[in-house]
S.K.: 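To start, I am sharing the structure in question, which I have written as C-alpha cells.
Throughout, a chain's letter reflects where its sequence line sits, starting with A, and its residues are numbered from 1.
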2 protein chains.
Amino acid sequence: MINPKAVIEHTEWVWSVAVDVVIFTLRNRDLQVHVIQRQDHPGYWSLPGGIVGATEALEEAAMRQLREQTTVDDVYLQQLFTYGDPQRDSRRRVISVAYFALLAADRIKPDGDENRAWCSVYDLPPMAFDHARMVDDALTRLRYKIEYSAAAFELMPEEFTLRELQEAYMTILNDHRLDKANFRKKIHEARIVEPVNRYQKTAGRPARLYRFRKDARLESKARRFFP
Amino acid sequence: MINPKAVIEHTEWVWSVAVDVVIFTLRNRDLQVHVIQRQDHPGYWSLPGGIVGATEALEEAAMRQLREQTTVDDVYLQQLFTYGDPQRDSRRRVISVAYFALLAADRIKPDGDENRAWCSVYDLPPMAFDHARMVDDALTRLRYKIEYSAAAFELMPEEFTLRELQEAYMTILNDHRLDKANFRKKIHEARIVEPVNRYQKTAGRPARLYRFRKDARLESKARRFFP
DNA sequence: TCAAAAGTGTTGACCCTACACCCATGA
DNA sequence: TCATGGGTGTAGGGTCAACACTTTTGA
C-alpha cells in the first residue's frame, strides 16, 4: 500500500485536508443552516470549516468548528461525505471531509456578527466551492435519517408538543400532508416520548408538553423492500 | 495492531491522502473481500489501496485501485467513510477515504499471485491498520443497501436462478431463514428480473434462469417514519 | 355558544408471514 | 414410484391511510 518512498515522491505538492460542517437547525417553521460570509469573495457564503490540525482527529476538527462558530458543545455530529475533486478549490488541492450537525434552536447563542447567518435550506444564498452540494447531500441524508432513527429529536427543544414534533418532520421532509392522528399513534407506540405535567397555550385547547425518553430505542431496523 | 517499525523523520507534517477499497464478491455461498498480504508486516493483510494522485479525483483513485488489483473495470463503487485518526498509521499522518465495491464472482480473473486472496468476511485474517473496521463498516452498509436498493444484483452473474438470488441475500444478511415463497413474490412484484428461456439443472426439477431487467427501478424510497 | 386546535376511534384496504401444496425431473 | 428441489396459493393477523369524531380552551 503505502511505502516510505511514496512520501518523498509526493511531497512535491501540498495537500490540505479540511472539514466543513453543515449545521442544521429548525427556526420559525423553517429548516436552516449556518453560513458565513466570505471575505475573499464578496457576495458568496460558505459553510463553517477549516483545516484539520496535524494531530487532530477528523471528528475533533469538526467539533472544534462547531464550538468556534456556535459556542455550543455536545452536539449530534456525523460524517457525511468526503469531497475531493481536483478542481473544487481553484487555489490548491483541498479535500474536505464534510460533517453534518443537528442543533436545537434554543441552544443557539445570539450573535451580533453580521458575517454569520442562518439561512433556509430552501432558499440558499450563493455558496462558495461545492458547499451548495454539501448542503443538498446533507439534506438528503437528514431526510433518510429521521425516517429510521430518532435524529429529529436533536432539533427539538427539551419540551415540545406533538404538533411541534409533527411540524418538524413536515418541515424537514418539505411535505405538509402528514395525518395528525396517525403521526401521534406512531410516536406513542414507539414509546419514544413521555408527557410532562405542563401544557402550552394555543388558540384552542392547550397542548400537552412531552420530552424525549432517555431510555428510548434510537433506531428501528429498516423495513425490507428488496425483498 | 502494528508496532512502529521505521518512523520517517520529518521537519514538517506531511499529509497523505489514500483510498482503500473493500471489494466484495459472492463465491461458494460465502461473502468474501479481496485482501493483499503485506510485505512489510508478515502475517498481516490489508485492503487494496494507495495514495491518491495529485490531479486525480478520489473516485478515480479508487477505480484505479480496482483496475490494478482485479483488472476489472466498470464496477459498482461507492464511497464508504473517511478514516483519519492521527494514530491509524504509526508512520505518518494518513487519512484514508474508503470505498466499497461489488464484483460478481464470474468477472474475477484467475490470479496466480499468492499475495492476493479472497477471504470470507466471517473469518478475516489479521488486518493491518484499521482495515478490519473498514470491512465491518462496509458490511453494515452493504446490508442496509440491499434492503432498499437492487445492489445485490451487482454480485450476481448475468443469469441466475431465484434460489441463487435468495441465497445471496441470506449470505449477505447472515440469516438463512428467508421464506422461499415470500421472497419470490417480492422479487416478481418488484418487476426487477425477467426470465430467460434457459434452465439450470438441479437434483430435482430444473430451475428457471432469470436476468436483471435493464429498466428496473433501482431504489425504493422508504416511506416509514420512526419507528 | 362558537371558533380553534388538541386529541381519539373506526374502518376497509393492503401487506406480510407461515405453511401447505403442486410440479417436473432423474434415478 | 420416490426423493429432490422448483414453484404457487391461501388464510389470518397486523399495519396503514383516511376521515369523522370528541374534548378543552378563550373570546
Side-chain angles (χ1 to χ4, degrees), chain A residues 28-29 146-148 156-157 159-171 173-211 213 217 219-227, chain B residues 28-29 146-148 156-157 159-171 173 175-213 217 219-227:
Chain A
N28 313 324
R29 303 185 172 186
I146 63 169
E147 300 215 349
Y148 68 86
M156 303 300 293
E159 300 184 353
F160 49 85
T161 66
L162 292 187
R163 135 131 357 206
E164 284 165 354
L165 183 60
Q166 182 180 348
E167 261 172 5
Y169 270 87
M170 294 191 300
T171 301
L173 299 172
N174 200 22
D175 178 356
H176 290 258
R177 292 169 309 177
L178 272 186
D179 184 272
K180 183 177 51 156
N182 298 331
F183 180 84
R184 283 159 175 269
K185 259 174 280 183
K186 275 207 176 174
I187 293 296
H188 282 136
E189 280 160 18
R191 310 206 143 282
I192 201 166
V193 296
E194 58 193 4
V196 297
N197 260 334
R198 300 179 52 226
Y199 293 82
Q200 191 171 88
K201 285 194 100 168
T202 72
R205 171 176 169 176
R208 181 144 215 176
L209 285 163
Y210 290 82
R211 69 172 166 229
R213 283 175 60 139
R217 210 172 78 267
E219 295 220 354
S220 73
K221 184 71 182 157
R223 190 212 308 200
R224 297 236 281 256
F225 288 89
F226 277 107
Chain B
N28 314 324
R29 302 186 173 186
I146 63 169
E147 301 216 348
Y148 68 86
M156 303 300 293
E159 299 184 353
F160 48 85
T161 67
L162 292 186
R163 142 147 329 224
E164 284 165 353
L165 182 61
Q166 183 180 349
E167 260 171 7
Y169 271 88
M170 294 192 299
T171 302
L173 299 171
D175 178 356
H176 290 257
R177 293 169 308 178
L178 272 186
D179 185 273
K180 182 178 52 157
N182 298 332
F183 180 85
R184 285 158 173 269
K185 260 173 282 182
K186 274 208 175 173
I187 293 296
H188 283 135
E189 280 160 19
R191 309 206 142 282
I192 201 165
V193 296
E194 58 192 5
V196 297
N197 261 335
R198 300 180 53 226
Y199 294 81
Q200 191 171 88
K201 285 193 101 170
T202 71
R205 169 175 169 177
R208 181 143 215 176
L209 284 163
Y210 290 82
R211 68 172 166 228
F212 184 70
R213 282 176 61 140
R217 211 172 78 267
E219 295 219 357
S220 70
K221 175 74 182 158
R223 185 69 191 163
R224 153 165 262 220
F225 293 106
F226 185 80

S.K.: In a check of side chain to side chain contact (heavy atoms under 4.5 Å, CB included) between B/L162 and each of B/H188, B/R208, B/K180, which one passes?
M.R.: B/H188
S.K.: Measure CD/B/Q200 against C1'/D/dG7 and give the value in whole Å, please.
M.R.: 15 Å
S.K.: Find the distance A/K186:NZ to C/dT8:P and express it as a whole number of Å.
M.R.: 18 Å
S.K.: Report, one pair per line, the protein and nucleotides 24-27 of chain D atoms (nitrogen or oxygen only) whose separation is under 3.5 Å.
M.R.:
residue	atom	partner	partner atom	Å
D/dT24	O2	A/R205	N	3.4

S.K.: What is the minimum heavy-atom distance between A/L178 and A/Q166, and which atoms define it?
M.R.: O-NE2, 3.1 Å
S.K.: Take atom CG of A/L178 and atom P of D/dA18, then tell me their distance rounded to the nearest Å.
M.R.: 11 Å
S.K.: Ignoring hydrogens, what is the shortest heavy-atom contact between A/E164 and A/Q200? Give both atom names and the distance.
M.R.: OE2-OE1, 2.9 Å
S.K.: State yes or no: are the ring centers of A/Y169 and A/F183 separated by less than 6.0 Å?
M.R.: yes
S.K.: For A/R184, which contact category applies under a 4.0 Å heavy-atom criterion: base, sugar-phosphate, or nothing?
M.R.: base
S.K.: Starting at atom CZ of B/R177, determine the distance to atom C1' of C/dC19, rounded to an integer number of angstrom.
M.R.: 17 Å
S.K.: From the options C/dG7, C/dA5, D/dG6, select the nucleotide whose nearest atom is closest to the side chain of A/R208.
M.R.: C/dG7
S.K.: To the nearest Å, give me how far apart CD (A/Q166) and P (C/dA5) are.
M.R.: 14 Å
S.K.: With rounding to the nearest 0.5 Å, note down the distance linking CG in B/L165 to CE in B/M156.
M.R.: 5.0 Å
S.K.: Tell me the interatomic distance from A/F183, atom CZ, to D/dT15, atom P, rounded to whole angstroms.
M.R.: 18 Å
S.K.: In whole Å, I'd like the distance from the CD atom of A/E189 to the C1' atom of D/dC16.
M.R.: 10 Å
S.K.: Taking side chain as C-beta onward, heavy atoms only, is B/R163 less than 4.5 Å from B/T202?
M.R.: no
S.K.: What is the distance, rounded to the nearest whole Å, between atom CG of B/L162 and atom C1' of D/dG5?
M.R.: 13 Å
S.K.: Decide if atom CZ of B/R213 counts as having more than 12 heavy atoms of other residues, nucleotides or ligands within a radius under 6.0 Å.
M.R.: yes
S.K.: Give every pair of a protein N or O atom and an N or O atom of nucleotides 19-21 of chain D that lie under 3.5 Å apart, one pair per line with the distance.
M.R.:
residue	atom	partner	partner atom	Å
D/dC19	N4	A/D179	OD1	3.4

S.K.: Give the C-alpha distance, both sets of side-chain angles, the deciding distance and a yes or no for side chain to side chain contact (heavy atoms under 4.5 Å, CB included) between B/V196 and B/Y210.
M.R.: CA-CA 5 Å; B/V196 297; B/Y210 290 82; over 6 Å; no
S.K.: Could you tell me the separation between the OG1 atom of A/T161 and the CZ atom of A/R198, rounded to the nearest 0.5 Å?
M.R.: 12.0 Å
